[in-house]
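Nothing here was measured: the structure is a model prediction, and the numbers come from that model. Note on naming: letters A, B, ... go to the chains in the order of the sequence lines (proteins, then strands), and numbering restarts at 1 for each one.
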Amino acid sequence: MTYSDNSTARMTADRSAMSVGDEVAIDIVKMNKWFGTFHVLRDIDLTVRRGERIVIAGPSGSGKSTLIRCINRLEEHQSGRIVVDGVELTHDLKNIDKVRSEVGMVFQHFNLFPHLTVLENCTLAPIWVRKLPRRQADEIAMRYLEKVRIPEQAHKYPGQLSGGQQQRVAIARSLCMEPRIMLFDEPTSALDPEMIKEVLDTMIELAQDGMTMICVTHEMGFAQAVANRVIFMDQGQIVEQNSPREFFNNPQSERTKLFLSQILGH
Amino acid sequence: MSEVHAETVPFVRGTMLPEAPPPAAERGAIHWLRANLFSGWVNTILTFVGLFVLWWLFQHFYPWFRHSVWNASSMAECRTLITERWGEGAGGGCFGLVRERWNQFLFGFYPPAEYWRPISAFWLLFLALAPVLFTESRKLRWIVVGVASVMAFALSMLMGAPDPVLICLAVGIVLWVVLIEYIPRAALIVSVIFPFLAVWLLWGGSIWGPATILAGAVLGLAVWGALSRFGALAVLAGLAVAVLWWWFLSSQAAIDLQRLLPLELPKMESRGFGGFLLAITIGVSAIVMSLPLGIILALARQSDLPIVKGFAVIFIEFIRGVPLITLLFVASLLLNYFLPPGTNFDIILRVIIMVTLFASAYMAEVIRGGLASLPRGQYEAAGALGLNYWKMQRLIILPQALKVSIPGIVGTFIGVFKDTTLVTFVGLFDPLKQLADTIRATFEWKGAYWEPYIFSGLIFFILCFSMSRYSMYLEQRLKRDHR
């Protein structure tokens with residue numbers, strides 16, 4: 001099976017600029033999670049190195065969102081270890097705060113704060129968590145708003161922006177904390193087709209800057225363009241992981257083949 | 001574009017159509033009348049029935065108001081005047097009662113020589129509220145501050161406040177207004193101190209009483225601030241220090257300071273409070289205190305900590321399950337049995353505490369509704385950015401939840417304010433019943449039935465309607481979703 005999609009042609013990323021270090025950014029060992037009696041994540045083992053871009057794919061209900069939400073403790077795991085940037089996630093609130101201030105997250109539904117302007121959305125955490133003076137926080141925020149190409153919207157409220165613009169603000173908001181790791185939870189799933197590209201372009205740029213990224217997404221073109229590794233999950237388990245080329249052209253498991261045929265076969 | 005042909009005949013639009021105005025029949029007064037009053041035969045009939053009812057009510061009540069007398073010193077005189085002017089059998093309102101007993105309606109049995117104290121406290125209240133309620137519109141803030149300052153000073157002078165007081169008042173007002181305009185943060189602190197000043201103005205006695213109690217609060221906050229890195233322990237330490245101060249030291253300190261620097265106003269008895277002075281004192285205190293208490297209860301009810309949550313649920317459900325009058329009886333009768341003999345725990349203070357607890361239970365549920373209306377994503381986004389629980393609540397959750405709850409919160413405020421009339425059942429002189437009955441019991445005003453009710457009702461309406469308008473203004477001002 002060969003993967004072809006005309007969006008790949010438009011998504012060009014300079015892979016040579018994206019280097020992967022030896023340092024471990026995230027280490028997940030034998031992690032299990034249950035929702036009540038439902039076993040959502042089963043024996044997850046995953047090591048992410050600094051600078052790696054990982055795409056997690058899989059059918060809905062396979063636990064991919066839950067997995068990345070465990071990485072910044074929006075969900076609590078019940079057994080196994082998760083170590084982020086050398087800090088283990090336990091019940092210690094200090095550790096959780098520390099991890100959260102180093103890990104940025106972008107949500108499917110943006111989750112911008114509607115009562116604050118775009119600029120205030122971006123400066124909130126730097127001011128209240130990093131304790132930066134307002135002026136400096138404003139500078140950082142404007143720098144990242146320029147990076148996602150909407151500095152002119154800084155004084156509007158999120159409700160006045162389009163979906164694609166809101167998602168770019170959400171990316172800028174996370175970046176303002178200058179995180180070492182970024183998590184993306186289906187960032188383009190709630191967007192109109194015309195707006196997907198502007199968000200993906202921003203994410204590609206981020207990848208080229210060397211950010212460690214874990215993306216749950218159905219955008220296979222994006223996976224081909226930037227990922228080092230594609231992880232396929234089903235029924236709470238990692239079924240297959242491979243380089244994007246191998247993953248798309250030479251999938252090993254039957255489940256992966258079925259999945260790929262269903263999302264690409266039309 | 002013709003839809004029928006679009007499917008069968010290839011079509012490409014050359015020019016885009018410009019925007020056009022709606023047709024004339026869709027605009028103007030005629031259109032409004034037709035759309036809203038006469039849009040069908042049922043609506044036309046309803047319109048005429050409505051107009052008839054309005055006319056009937058008007059012609060029924062209007063003569064009573066038209067015949068009303070404002071200049072009379074007794075019911076008998078008033079009736080004679082009406083008969084003279086409008087003939088035998090004419091009925092009319094005797095609003096001379098309002099004129100004659102105006103002061104009593106406002107102040108109850110507060111001594112007239114001291115009227116300047118509640119008056120200045122009332123108008124200064126608006127200075128205290130300005131930095132909280134009117135932050136965004138400079139013009140509105142200036143109107144409120146200006147009117148309040150002038151009224152506080154001019155009315156105090158008219159009511160014969162002593163000269164040194166007037167000088168202090170003038171200097172104080174000028175400094176305060178400067179603070180409000182140039183250092184809003186400091187003005188907020190003054191707003192927090194204001195209740196202590198108001199208590200002193202209303203009840204009198206040595207200023208060092210309220211001052212040392214305030215000092216206890218400051219001391220507690222200072223201890224909390226100094227130990228803040230110990231988290232919850234610091235809160236407990238601050239609380240302990242404040243309580244110890246209040247328990248053992250504050251009254252002695254007040255006595256010593258009074259000896260050192262005597263500053264006092266004649267002491268007032270709570271039983272002398274009455275009329276709108278009483279209603280506003282209880283109402284404003286309960287309103288101001290029930291909001292923060294309600295927020296804390298609402299958050300506690302959503303807490304993951306079972307004991308905190310359990311306490312909040314029991315408190316809220318218990319208080320909501322009991323009529324306010326029961327609580328007031330507890331305040332006036334039962335509480336004294338539990339207190340050591342000889343302790344004099346002020347009746348108005350007891351009532352304020354009960355009304356506050358009552359209001360805060362309702363407030364908590366209103367705010368819980370607001371909290372529930374926020375999507376989970378807001379909590380997750382705030383958490384993912386590394387905000388801790390209190391910062392998340394303060395910066396993200398509460399601003400939105402409170403905004404959603406404004407109509408409910410103000411509704412509760414209005415309810416609390418009107419409920420203050422229930423203090424009649426514990427023998428306080430509320431403006432609607434007890435005070436009106438007292439006035440009716442006098443020889444001159446025997447038989448005046450409607451007039452006191454209409455007058456009190458009108459004042460209550462004005463105050464409640466202002467609150468309601470303010471809430472609409474606030475909602476408009478905080479409108480952020482342009483969806």
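In the displayed structure, B:Arg477 atom CZ is contacted under 6.0 Å by more than 12 heavy atoms of other residues, nucleotides or ligands. Summarising the local packing, CZ of B:Arg394 is surrounded by 12 or fewer heavy atoms from other residues, nucleotides or ligands at distances under 6.0 Å. The environment of B:Met467 atom CE is dense: over 12 non-hydrogen atoms of other residues, nucleotides or ligands sit within 6.0 angstrom. Within 6.0 Å of CD in A:Gln78 there are more than 12 heavy atoms belonging to other residues, nucleotides or ligands. No more than 12 heavy atoms of other residues, nucleotides or ligands shown are found within 6.0 angstrom of NZ on A:Lys98.
A:Arg73 does not touch chain B: none of its heavy atoms, backbone or side chain, sits under 4.5 Å away. Neither the backbone nor the side chain of A:Val99 comes within less than 4.5 Å of any heavy atom in chain B. For A:Leu112, the part sitting under 4.5 Å from any heavy atom of chain B is the backbone (N, CA, C, O) and nothing else. When heavy atoms are compared at a cutoff of 4.5 Å, A:Glu120 does not approach chain B at all.
Minimum heavy-atom separation, A:Arg100 to B:Gly383: CD-O, 2.9 Å. For A:Phe113 against B:Ala381, the heavy-atom pair with the smallest separation is CE2-CB, 3.9 Å.
Atoms CG and CD, on A:Leu116 and B:Gln400 in that order, are 7.5 Å from each other to the nearest 0.5 Å. Residue B:Ile396 holds its CD1 atom at 4.5 Å from CG of A:Leu124, rounded to the nearest 0.5 Å. Taking CG of A:Asn121 as the reference point, atom CG of B:Leu385 lies at 9.0 Å (rounded to 0.5 Å). Of the inter-residue distances, the one linking A:Phe107 atom CZ with B:Gln378 atom CD reads 10.0 Å to the nearest 0.5 angstrom.
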Under 3.5 Å, side-chain donor or acceptor atoms of residues 293-308 of chain B against the rest of the protein: list the pairs with distances, not counting sequence neighbours.
{"residue": "B:Arg301", "atom": "NH1", "partner": "B:Glu317", "partner atom": "OE2", "Å": "3.2"}
{"residue": "B:Arg301", "atom": "NH1", "partner": "B:Glu365", "partner atom": "OE1", "Å": "3.4"}
{"residue": "B:Arg301", "atom": "NH1", "partner": "B:Glu365", "partner atom": "OE2", "Å": "2.8"}
{"residue": "B:Arg301", "atom": "NH2", "partner": "B:Glu317", "partner atom": "OE2", "Å": "3.2"}
{"residue": "B:Ser303", "atom": "OG", "partner": "B:Leu305", "partner atom": "N", "Å": "2.9"}

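Judged by distance alone, the side chain of A:His115 and the main-chain N or O of B:Leu478 form no donor-acceptor pair under 3.5 Å.
Just one of A:Leu93, A:Asp97, A:Ile96, A:Val129 meets the side-chain contact (heavy atoms from CB on, under 4.5 Å) condition when paired with B:Asn388; it is A:Asp97.
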